[in-house]
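Data block below; observations after.
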There are 2 protein chains.
Amino acid sequence: MLSDDELALLEAIRSTGSLSRAAAHLGKAPSTVSHAARQLETRFDALLFDRRRYRLQLTPAGELLTREAGRLVQDVARLNQRVKQVANGWEDRLHVVTDEILEFETLLPVIRAFDALQSGVRLRLTHEVLGGTWEALREGRADLVVGATNEPPAMPKLRWFELGTMDWVFAVSPRHPLAKVAGPLSQDAVGAHRSVVVADSSRNVGRAYGIVGGQATLAVPSMRAKILAQRDGLGVGWLPRHRASALLRSGQLIEKAMSEPREPNTLYVAWRSDHEGRALSWWLEQLRQPRLAKRLILGLPVSAENR
Amino acid sequence: MLSDDELALLEAIRSTGSLSRAAAHLGKAPSTVSHAARQLETRFDALLFDRRRYRLQLTPAGELLTREAGRLVQDVARLNQRVKQVANGWEDRLHVVTDEILEFETLLPVIRAFDALQSGVRLRLTHEVLGGTWEALREGRADLVVGATNEPPAMPKLRWFELGTMDWVFAVSPRHPLAKVAGPLSQDAVGAHRSVVVADSSRNVGRAYGIVGGQATLAVPSMRAKILAQRDGLGVGWLPRHRASALLRSGQLIEKAMSEPREPNTLYVAWRSDHEGRALSWWLEQLRQPRLAKRLILGLPVSAENR
DNA sequence: ACAACATGTGCAACTCCTTCGAACGAGTTC
DNA sequence: GAACTCGTTCGAAGGAGTTGCACATGTTGT
């Protein structure tokens with residue numbers, strides 16, 4: 001291994017281009033530097049210095065060594081920083097997984113506030129669809145899950161609280177055939193039309209929201225895309241009521257009563273009680289604030305303006 | 001910086017889960033290990049060991065440190081290997097740039113033979129179009145250029161030799177309008193038809209082979225694609241005679257005489273006389289062999305079978 | 001051409017750090 | 001409760017790293 005001193009020595013030799021100057025630069029005796037240099041060569045079993053001329057020079061091998069050694073120093077410095085950070089109770093990294101029905105933008109202020117803490121914790125945010133959130137937690141891909149749907153499954157050391165409930169509305173474009181059907185819609189009536197589903201492209205499991213067996217589907221990458229697709233009459237399906245509200249008001253989407261209404265979804269925040277660090281605690285504290293929870297659940301209404 | 005011993009110490013503590021066993025494992029006295037461990041904590045200014053219970057354990061910070069330290073050790077071992085390699089005269093890496101008119105496959109046997117040397121030199125092969133090869137050499141993106149076209153430009157420390165000459169044939173599909181024109185074709189006659197050009201997609205400079213100003217062009221990614229495109233009548237242009245030979249024989253391409261014939265191209269091998277390592281020398285030695293040079297220049301004829 | 005200076009190296013002496021053994025307190029096992 | 005395992009403290013010993021000096025070699029200035 002390369003010691004700190006040896007690294008500094010190499011660097012000094014490179015920059016000054018001479019042993020004695022390097023020695024002066026390091027505040028050591030010239031003989032020390034000479035000795036240490038030889039020792040380095042012995043240890044690496046390679047000629048690092050070209051001593052044929054008056055002032056010695058680094059050989060290509062020595063050049064490579066100093067260059068790469070410099071990078072190593074940086075790596076070690078970073079590691080040092082990370083170790084201290086972890087020792088102070090901050091995680092090395094925090095992986096937050098949100099359910100796709102939450103809009104990423106609503107988390108931005110929280111991320112900004114977290115950044116302002118200067119904790120050094122590397123944030124990683126991804127999203128999953130349906131049970132994918134719980135699975136991510138179980139498999140250790142997630143440290144914190146926000147907005148998970150369905151009941152929390154049995155899992156050792158699982159902890160959770162409710163974020164809130166989300167109301168749904170079955171809505172169609174005014175130009176869609178279902179718009180003209182009077183009275184509450186039955187499952188069969190809906191099944192004859194194509195439904196729009198949010199599907200996760202990254203993991204190719206056939207997961208999607210609100211699929212009924214055998215129904216034709218249009219898979220889109222996000223809830224926002226689903227709302228827009230239904231506005232344009234490309235298909236039908238359940239939408240978060242608040243996010244569709246503006247379009248419902250402007251008449252670009254029409255609410256349809258259903259023979260089997262959809263129960264409001266309860267959304268959960270969940271984590272594992274092992275490795276609870278300061279970053280996780282901070283996030284939990286934020287998410288327990290009713291104002292933030294409400295903003296997350298409601299999401300950003302899709303504006304009626306952009307047609 | 002982390003010394004070799006400290007690394008071994010951390011690893012031993014992690015695997016044995018106790019200081020005394022770690023000491024026995026390392027062949028040292030327990031007191032030594034205890035002392036060193038404390039010193040580590042002082043240096044990192046962080047609690048690395050949890051001593052509250054009977055047998056001490058690594059804290060999360062200590063865990064992180066040992067884990068990452070292990071990676072560092074590997075990095076250093078690799079660096080060690082590379083330094084030795086360079087000290088033995090091998091380059092750390094060799095960047096070979098070929099002109100696009102050479103077929104990559106013809107270099108495969110050479111690459112295999114080079115691999116068999118077990119030199120440890122990391123090969124990197126890319127291709128350029130037209131002057132791009134010389135530019136790559138000038139800008140240090142290439143250590144060796146194979147098959148460069150045009151005359152070697154003025155460049156300090158440039159060295160080169162001729163690889164051979166490449167003959168061209170102007171060929172069109174039998175279904176192409178130009179196929180029926182009798183006698184040598186003039187520039188104007190050709191200019192009325194779309195030409196197929198090889199263009200480099202990676203660098204978006206508007207470089208291509210055989211463009212005449214104002215002529216409609218079809219840009220394709222390789223010489224092989226150009227030959228196939230011309231076979232299918234998508235355009236016209238000059239082709240390496242040998243590579244088109246099979247298609248000319250089978251009648252899928254027809255050679256046309258030209259009022260201004262194209263001079264055979266001389267192809268060059270070039271490198272810079274600074275940093276000449278063993279890998280470069282080896283490649284030059286190979287490329288000087290007439291058999292290989294001929295194979296490179298002629299390339300792989302595009303087979304007449306696959307329609 | 002000669003002196004003055006700079007540079008790298010070998011050697012003996014020195015200094016400080018690492019290592020060790022012994023002793024001790026605390027916790028565990030039978 | 002005795003025998004043990006474990007981690008720590010402390011002073012002493014050994015050794016690696018460091019230093020000053022002498023010397024050979026090469027460079028610069030007058």
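Everything quoted here is computed from the prediction, not taken from an experiment. Each chain gets a letter, A, B and so on, in the order its sequence line appears, and its residues count up from 1.
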>> Looking at A:Asp274 and A:Lys157, is any side-chain nitrogen of the basic one under 4.0 Å from a carboxylate oxygen of the acidic one?
In response: no

> Out of curiosity, A:Asp143 CG to A:Trp271 CH2, how far, rounded to the nearest 0.5 Å?
Replying inline: 13.0 Å

>> Could you check whether any side-chain heavy atom of B:Phe104 comes within less than 4.5 Å of a side-chain heavy atom of B:His127, counting everything from C-beta outward?
In response: no

> Once you round to the nearest 0.5 Å, how far does CG of A:Leu296 lie from OG1 of A:Thr106?
Replying inline: 4.5 Å

N/O-N/O pairs, protein side and nucleotides 23-29 of chain D side, under 3.5 Å:
none

> So does B:Arg55 get a side-chain nitrogen or oxygen closer than 4.0 Å to the phosphate oxygens (OP1/OP2) of D:dT5?
Replying inline: no

> Nucleotide by nucleotide, 5' to 3', does protein get under 4.0 Å of the base (B), only the sugar-phosphate (S), or neither (-) in nucleotides 8-21 of chain D, counting heavy atoms?
Replying inline: BB-------SBBB-

> If we fit an axis to the first five pairs and another to the last five of the helix from C:dA1-D:dT30 to C:dC30-D:dG1, what angle do they make, to the nearest 10°?
Replying inline: 30°

>> Nearest 0.5 angstrom please: B:His95 NE2 to B:Leu123 CG, how far?
In response: 10.0 Å

>> Nearest 0.5 Å, please: how far is CZ in B:Arg21 from NE2 in B:His25?
In response: 11.5 Å

>> Would you compute the distance between atom CZ of B:Phe161 and atom CG of B:Leu267 and round it to the nearest 0.5 angstrom?
In response: 11.5 Å

> Any side-chain heavy atom of B:Leu58 sitting closer than 4.5 Å to one from B:Asp50?
Replying inline: no

>> Of all nucleotides in DNA chain C that come within under 4.0 Å of a heavy atom of chain A, which is furthest toward the 5' end and which toward the 3' end?
In response: C:dA6 to C:dG10

> Is there a side-chain contact between B:Leu284 and B:Leu144, using heavy atoms and a 4.5 Å cut-off?
Replying inline: yes

>> Going by side chain to side chain contact (heavy atoms under 4.5 Å, CB included), name the residues that satisfy it together with A:Ala29, two or more places apart in sequence or in a different chain.
In response: A:Ser31, A:Thr32

> So which pairs with a foot in residues 138-160 of chain B pass ring pair (Phe, Tyr, Trp, His ring centres under 6.0 Å), sequence neighbours left out?
Replying inline: B:Trp160-B:Tyr268

> What's the shortest heavy-atom distance between A:Arg159 and A:Ser273, and which atoms?
Replying inline: CD-CB, 3.6 Å

